[in-house]
There are 2 protein chains.
Amino acid sequence: MKGTKERIIEATAGLLMRQGLAGTGLKQISSQSGAALGSLYHFFPGGKDDLAADALRVAGRSYLHLIDDYFTGRTDLVEATEGFFEGAAAVLEATDYADACPIATVALEVASTNDMLRQVTADVFAEWIDVGAQRFAEMGVSPDVARELVTVTIAALEGGFLLCRAAKSTDAMRVIGRNMAALVAHRLGR
Amino acid sequence: MKGTKERIIEATAGLLMRQGLAGTGLKQISSQSGAALGSLYHFFPGGKDDLAADALRVAGRSYLHLIDDYFTGRTDLVEATEGFFEGAAAVLEATDYADACPIATVALEVASTNDMLRQVTADVFAEWIDVGAQRFAEMGVSPDVARELVTVTIAALEGGFLLCRAAKSTDAMRVIGRNMAALVAHRLGR
DNA sequence: GTCTATAAACCGATAGAC
DNA sequence: GTCTATCGGTTTATAGAC
């Protein structure tokens, strides 16, 4: 049996991904999670910001494991890179362009308006890059190059999510995937 | 003397870029532009969505000219690409990470919630890619490769804005710029 | 821990004087 | 075209019964 707090966090993470922070009301989180409004404040005394911070951290950690699992145990980094973007395109199509990055929308909203939440989004991105660079390095890529390639890959993925959600088409993501794979191959000396 | 309608659009575009759509109130647009609330509805009878659509189109066109002017008359595309990202990094630093993409925040907010505004953001991105590809093609790049490179460049730029605004650092943008320049060089056979 | 009622402020939108 | 007053609804947040 899933606890009330977990259901609140899960519902919040989904709504933040699809509608952003300002576009998501606590009433909506309450009804979607099946938890009373009072329960939200019971588990998150700091109110909306407190809840959003937790939801972003949990969603960021989930997405990290998704990335991590995908690249773990790979032998061909070039092939893995192209497949990674193909997977992102497939998820976009399967969810009618709703499920993309769980952090990006809120990150852009709060970057200039809420320093506490901005720091949370920065921490999530930093952890993604750290762990991704670690995986690349384990596969024989020099630490510096690994970190650069992961940074560019994540940036391109985020830009791809943006272009594809706006256009309701995955064409851009596939183009981006092929070119990022080419970049990885080039920088690995192939 | 600048007209009221122009001041409203300008104020709206700036607020949408920094705070997003749901985070920006009409009252705030009214006070920031110096126009009465009634004037907003006089010029934009369709209300907030009507005004937002116009502000996005105008801001998108301005940014298009910025990109267009930067790449026009260039001889070295590789050098231009790296300089383009350096310029983006400089603007972020000069504005304390407030001025980045005028479309991205709203695009992510409305992608799953407001189809009319989603289409506006899609049109802006499409025009950026069309014009950028045209410029690249004029410099001797084959139309297909030109379109691919511009798509990846814009995606990487958007991802760079996201990572840099969250981290309040331009490190990622410079890494991305160097690697995108390397990709352009590689795909141009250099 | 869960729930409802409600406060206080704010939202988008409208009416109507000037 | 400009401005103010205001409507109806929603927001975040709190109080307090159970």
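Naming convention: chains lettered A, B, ... in sequence-line order (proteins, then strands); numbering from 1 in each chain.
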Q.
Under a 3.5 Å distance rule, please check whether A:K168 uses its side chain to pair with a backbone N or O of A:D96 as donor and acceptor.
A. no
**Q.** Whole-Å distance separating the CG atom of B:D50 from the C1' atom of C:dA13
**A.** 13 Å
Q) Any sub-3.5 Å donor-acceptor pair from A:R118's side-chain atoms to A:V110's backbone N or O? A) no
**Q.** Minimum heavy-atom distance between A:A22 and A:K48, given as atom pair plus value
**A.** CA-NZ, 4.1 Å
Q.
So, does B:S39 get its side chain near the phosphate of D:dG1, meaning an N or O under 4.0 Å from OP1 or OP2?
A. no
Q: May I ask you to say what B:G38 touches in the nucleic acid, namely base, sugar-phosphate or nothing, with a heavy-atom cut-off under 4.0 Å?
A: base
**Q.** Separation of atom NZ in B:K48 from atom C1' in C:dC10, rounded to whole Å
**A.** 12 Å
Q. Are B:K5 and B:F44 in a cation-pi contact, defined as NZ or CZ under 6.0 Å from the six-membered ring centre and within 45° of the axis?
A. yes
Q. Taking CG from A:L37 and C1' from D:dT11, how many angstroms apart are they, rounded to a whole number?
A. 11 Å
Q | A:T4 side chain near C:dG1 phosphate (N/O to OP1/OP2, under 4.0 Å) | A | no
Q) In Å, rounded to the nearest 0.5 Å, how long is the span from OG1 of A:T72 to CD of A:Q134? A) 10.5 Å
Q. Atom CZ of A:F43 to atom C1' of C:dC3: distance rounded to whole Å?
A. 13 Å
Q.
Ignoring hydrogens, what is the shortest heavy-atom contact between A:R165 and B:S112? Give both atom names and the distance.
A. NH2-OG, 2.7 Å
Q) Given atom CG of A:L40 and atom P of C:dC3, what is their separation to the nearest angstrom? A) 11 Å
(Q) Whether the side chain of A:T24 engages the backbone of A:G20 through a donor-acceptor N/O pair (distance < 3.5 Å, no angle test) should be reported. (A) yes
Q: Check each residue of residues 103-113 of chain A for a non-hydrogen atom within less than 4.0 Å of any atom in DNA chain D, then write out the ones that pass by number, or none.
A: none
Q: Specify the separation, in whole Å, of atom CD of B:E6 and atom P of D:dG1.
A: 11 Å
(Q) Using 0.5 Å steps for rounding, measure from the CG atom of A:L188 to the CE atom of A:M139. (A) 9.0 Å
Q) Looking at A:F161 and A:A100, what are the two nearest heavy atoms and their distance? A) CD2-CB, 3.5 Å
Q. Does any residue of residues 7-30 of chain B have a heavy atom under 4.0 Å from DNA chain D, and if so, which ones, in number order?
A. none
**Q.** Candidate nucleotides C:dG1, D:dC3, D:dT14, ranked by approach to the side chain of B:A36 - the nearest
**A.** D:dC3
